[in-house]
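Report on one structure; see the data block that follows.
These values consider heavy atoms only, across backbone and side chains, with no hydrogens, waters or symmetry-generated copies. Since we're looking at a predicted model, the values are computed, not measured.
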Amino acid sequence: MNKKLFLLASLCLGLHFTTAQISGTPPSYDEQQADKIAIYRAEAERVHTLIHTKLDLKFDYKKEHVLGEAWLDLKPHFYPSKQLILDAKAMLIHEVVLIDNNKQKKLKYHNDDNQLIIDLDKTYTRNEPYKIYIKYTARPNEIKQAGSDAITAAKGLYFINADGSDPDKPTQVWTQGETESSSCWFPTIDKPNQKTSQEIYLTYPEKYISLSNGLLKSSKINNDGTKTDYWKFDFQHAPYLFFVGIGDYAIIKDKWKNIEVNYYVEPAYKDYAKDIFGHTPEMLQFFSDLLQYPYPWDKYSQITGRDYISGAMENTGAVLFYENVQQKPGQLIDENIAESIIAHELFHHWFGNLVTAESWSNLLINEAFANYSEYLWFEHKFGKEKAEEHRLDDIESYKMGDNLNKDLVRMHYNSREDVFDAVTYNKGGAITHMLRNYLGDDAFFTGLNHFLNQHKFGKAEAVDLRLALEEVSGKDLNWFFDQWYFGNDHPKLNIAYDYHTQNKKIIVTIKQEGEKLFEFPFTIDYRINGKVHREIVWVGKKVINTFSFDADQKPEVIIPNANEVLLCDLKDNKTIDEFIAQYQAGEGNYGVRKRAIDAFVEAQATNEKALNALIKATQDPYEGLRIMAINKLDPSSQKVIQKASATIKSLAQNDPKTKVQAAAISWLNFTQQVDLSLYETLAKSPSFSVQAAAINGILKQDPSKASAYINTVEDEVISGSPALIANLLPEWIDNNDLSKSKLVAETVAFYAFAPFQDPRNAKVIAQGFEWVMKNDTPTATKRIAKLYSSYYTFLKNENPQASVLIKQMAQNALSIKSNAARENKKLENQVKEIQAALDKMK
């Protein structure tokens with residue numbers, strides 16, 4: 001029965017229940033509902049409260065098991081209880097004991113694949129804490145729960161290359177607790193509304209090092225080739241934030257005030273660790289000042305993990321990153337791809353770790369704020385245009401998916417993993433930006449400080465956020481939260497303009513064309529004689545809103561949503577001349593100029609002014625718009641080539657930003673405008689992307705030069721350029737150089753996710769796919785299988801047609817590898833890898 005109907009029936013019948021009158025456990029909503037989307041996803045009931053968790057863990061690398069002992073301090077939350085239910089997935093339970101003043105009493109229990117149900121020795125009240133000891137074996141490979149788009153697996157604990165059989169991969173162990181996967185490696189109450197302190201003993205091979213939450217209190221070398229580290233964390237945080245990482249790492253030490261800040265990277269990257277993570281202390285200071293709340297934990301460490309299933313995870317004081325954040329100077333000179341991720345995970349230590357979403361329905365408390373922190377950091381460190389580019393790219397990603405019917409606070413979903421999507425992250429960040437602009441910086445950040453202080457080391461929901469911001473600002477925010485947090489979709493606006501010469505009035509008509517009507521503040525700029533005037537109006541919840549402004553003459557251009565704050569679709573009925581004026585008026589405003597460039601792109605084939613404006617935009621003051629304009633010039637048009645080539649060649653040679661140079665070279669490659677002398681110079685650039693683009697151009701003109709580069713170019717140069725791989729691949733195949741199979745695998749998988757524009761590359765990559773599948777390429781095959789599975793998971797909701805294509809490619813891979821295995825039995829394990837990926841696609 002639907003929860004609301006159940007409550008209504010109870011009221012109508014005049015029934016009054018007390019806890020004592022209810023016998024047994026009522027069926028869960030999952031049991032009551034066949035249609036999971038109809039289930040109301042309430043906050044998890046807190047029957048017992050976690051107080052402290054102590055773990056002693058040893059690792060069986062051969063079986064990929066964890067041999068664990070757990071001591072849990074708990075108490076009933078409110079009502080008396082004589083039964084404890086813990087989450088313990090796929091575990092072998094060997095013993096359960098009550099510990100009372102050093103006395104031990106064995107307890108009766110039973111367990112299934114998901115839960116451990118313990119009969120306590122008596123009924124405990126909320127004033128009676130107790131301690132449970134559990135001896136168990138965790139078997140993460142037996143876990144059956146599924147992952148999400150953001151977190152593509154849910155084993156909880158991962159052994160990487162446990163037997164050391166892959167020479168290209170280090171042996172590691174790392175954990176991923178979110179959403180409810182910590183219970184895959186220790187018994188707990190695996191819900192975000194629980195908070196517990198912790199201590200962990202880790203026994204593992206002496207040659208490695210470990211990282212966990214809290215401080216390392218001791219490290220002891222044992223007589224059997226192992227060592228035991230003792231990590232202690234005195235604060236309360238949610239079970240999903242527990243972390244263990246073990247492997248061969250270099251530790252680069254840094255500091256912020258009296259807080260230790262360390263970077264754990266693979267030894268090959270130790271000289272670049274501060275180039276990758278080095279802004280962390282400055283971020284700690286910036287976010288602490290911004291929130292007026294100093295970083296609240298005892299340390300801040302960041303570690304990388306091979307084959308990590310997501311971008312990064314905010315485990316308290318011990319953040320885990322995917323391996324690709326490890327970059328060399330030739331990559332970092334273009335852009336540190338880790339920068340936004342580092343900011344995102346750090347901000348979680350206030351929003352998510354200090355104050356945690358009480359339920360996955362309220363995940364915005366964690367993720368919308370972490371997403372917005374990326375904007376805040378970019379704005380502070382690199383300027384507003386960089387921040388705006390990042391935010392608007394996020395909004396475009398949100399709009400591309402099937403997201404319009406999803407509320408930000410989502411009380412109905414099929415799986416808790418479903419809320420880790422572009423609505424919670426991207427749209428959530430955009431809504432946070434609108435809220436900041438509506439309230440003003442002082443009220444917004446003071447309100448966040450009030451919210452954090454009210455709920456620190458606890459939990460919260462969206463209503464708590466609204467109340468805190470209302471308390472500080474004095475403004476009612478129900479209208480905002482109702483349509484943006486508890487509603488879905490976004491405004492679809494059609495803008496019309498007029499100027500009344502007789503009464504000297506500008507008339508702006510805003511028509512809402514979507515099924516839902518919204519209300520919002522809206523910024524309109526108009527430009528007269530080169531001077532920009534700004535008006536802020538209130539658009540009401542109706543189809544047509546009309547506004548008039550006094551003006552002595554007709555404006556050169558009128559710019560709606562001029563501050564780019566409102567999340568909306570905008571149909572802007574302007575001429576190219578007006579868009580040119582908009583571009584000129586948009587100095588310092590990334591979004592306004594981007595919209596003008598979009599108009600130039602659409603009209604470049606038929607409108608000379610639009611083409612000239614687009615070419616001029618390739619010299620925009622901001623590099624992001626220069627790249628956009630270069631990439632949008634039509635390389636198949638002889639007219640465009642004739643008019644733009646000299647400008648683009650100059651950018652390839654002289655632009656101060658290497659990413660712009662690389663974009664210019666790539667465009668010239670498409671148009672066959674290759675200057676061999678220039679390209680040979682650019683092939684020696686410190687930038688890997690410039691090197692790759694230049695070498696790609698050289699090989700397009702003269703494929704015989706491949707042998708000159710095939711053994712001299714760094715793998716990182718090649719790996720960043722699928723097009724270059726396509727040009728070098730025939731040589732690798734001719735030489736049967738299987739050492740390059742992993743590079744080919746990355747490109748094959750990338751092609752499945754983002755097909756090349758150049759059909760010649762597609763043909764060569766298809767050959768590479770067959771080459772990898774026919775040969776003994778364990779690392780490459782596993783990588784392809786994993787990426788296909790990940791892409792399928794990501795695309796099944798966002799782009800179902802593309803997910804079908806990925807599945808077909810995986811089936812094709814299985815067929816080729818299976819046929820090859822008939823000739824070479826060594827390939828049978830690789831067949832299993834692909835089959836396992838296909839099984840996940842079911």
Treating [X] as the side-chain partner and [Y] as the backbone partner, does any N or O pair qualify as donor plus acceptor under 3.5 Å?
X      : Y      : value
Thr671 : Leu668 : yes
Tyr499 : Gln553 : yes
Asn426 : Ile395 : no
Gln653 : Leu678 : no

Any idea which heavy atoms bring [X] and [Y] closest together, and the distance?
X      : Y      : result
Asn336 : Gln327 : OD1-NE2, 2.8 Å
Gly514 : Lys492 : N-CB, 3.8 Å
Ser340 : His390 : CB-CE1, 3.9 Å
Ile559 : Ala585 : CD1-CB, 4.0 Å
Leu651 : Thr618 : CD1-O, 3.3 Å
Ile506 : Ala551 : CD1-CB, 3.6 Å

In this structure, is the centre-to-centre distance between the rings of [Y] and [X] below 6.0 Å?
X      : Y      : result
Phe369 : His348 : no
Trp479 : Tyr438 : yes
Tyr375 : His433 : yes
Trp484 : Phe518 : yes

Sidechain N-carboxylate O distance under 4.0 Å for [X], [Y]:
X      : Y      : answer
Lys659 : Glu623 : no
Lys504 : Asp550 : no
Glu716 : Lys328 : yes
Asp572 : Lys574 : yes
Asp489 : Lys516 : no
Lys594 : Glu385 : no
Lys381 : Glu282 : yes
Asp569 : Lys399 : yes

For Glu379 and Glu388, run side-chain contact (heavy atoms from CB on, under 4.5 Å): C-alpha distance rounded to whole Å, both residues' side-chain angles, the deciding distance at 0.1 Å, then the answer.
-> CA-CA 8 Å; Glu379 182 183 36; Glu388 284 291 294; over 6 Å; no
Criterion salt bridge (Lys or Arg N to Asp or Glu O under 4.0 Å) on Glu389 and Lys384, from CA distance to verdict = CA-CA 9 Å; Glu389 178 184 27; Lys384 191 172 180 67; over 6 Å; no
Check step by step if side chain to side chain donor-acceptor pair (under 3.5 Å) holds for Asn488 and Asp407.
-> CA-CA 5 Å; Asn488 52 48; Asp407 297 349; 3.1 Å; yes
[X] vs [Y] aromatic rings, parallel, tilted or perpendicular, using cut-offs 30° and 60°?
X      : Y      : answer
Phe347 : Phe287 : perpendicular
Phe382 : Trp377 : perpendicular
Phe549 : Tyr526 : parallel

[Y] side chain reached by [X] side chain, heavy atoms, under 4.5 Å:
X      : Y      : result
Val592 : Tyr583 : no
Pro491 : Phe522 : no
His490 : Leu404 : yes
Leu570 : Pro560 : yes
Asn696 : Asn669 : yes
Gln691 : Lys684 : no

Quick one: which of Leu291, Thr432, Leu364 gives a side-chain contact (heavy atoms from CB on, under 4.5 Å) with Phe351?
-> Leu291
Give the C-alpha distance, both sets of side-chain angles, the deciding distance and a yes or no for side-chain contact (heavy atoms from CB on, under 4.5 Å) between Asn449 and Trp350.
-> CA-CA 10 Å; Asn449 172 268; Trp350 288 269; over 6 Å; no
Could you walk me through whether Glu396 and Arg391 pass salt bridge (Lys or Arg N to Asp or Glu O under 4.0 Å), step by step?
-> CA-CA 9 Å; Glu396 287 305 308; Arg391 182 178 67 91; over 6 Å; no
Spacing of [X] atom [atom1] and [Y] atom [atom2] [to the nearest 0.5 Å]:
X      : Y      : atom1 : atom2 : value
Leu439 : Met434 : CG    : CE    : 12.0 Å
Lys643 : Gln638 : NZ    : CD    : 14.5 Å
Leu290 : Met283 : CG    : CE    : 13.0 Å
Leu614 : Lys609 : CG    : NZ    : 16.0 Å
Asn494 : Gln512 : CG    : CD    : 11.5 Å
Phe520 : Ile510 : CZ    : CD1   : 6.0 Å

Could you walk me through whether Asp525 and Ile558 pass side-chain contact (heavy atoms from CB on, under 4.5 Å), step by step?
-> CA-CA 6 Å; Asp525 283 358; Ile558 300 169; over 6 Å; no
[atom1] of [X]: more than 12 outside heavy atoms within 6.0 angstrom?
X      : atom1 : answer
Asp552 : CG    : no
Lys639 : NZ    : yes
Lys505 : NZ    : yes
Asn573 : CG    : yes
Lys511 : NZ    : no

Which is it for Glu556 and Lys531 under the salt bridge (Lys or Arg N to Asp or Glu O under 4.0 Å) test, yes or no, and what are the steps along the way?
-> CA-CA 10 Å; Glu556 297 138 38; Lys531 184 179 179 181; over 6 Å; no
Candidate pair Arg626 and Asp620, rule salt bridge (Lys or Arg N to Asp or Glu O under 4.0 Å), full reasoning = CA-CA 5 Å; Arg626 296 203 294 280; Asp620 190 274; 6.0 Å; no
Asp289 side chain to Gln285 side chain, donor-acceptor N/O pair below 3.5 angstrom = yes
Geometric cation-pi criterion, Lys386 with Phe378: 6.0 Å, 45° | yes
Criterion side-chain contact (heavy atoms from CB on, under 4.5 Å) on Leu493 and Glu513, from CA distance to verdict = CA-CA 6 Å; Leu493 308 180; Glu513 295 187 328; over 6 Å; no
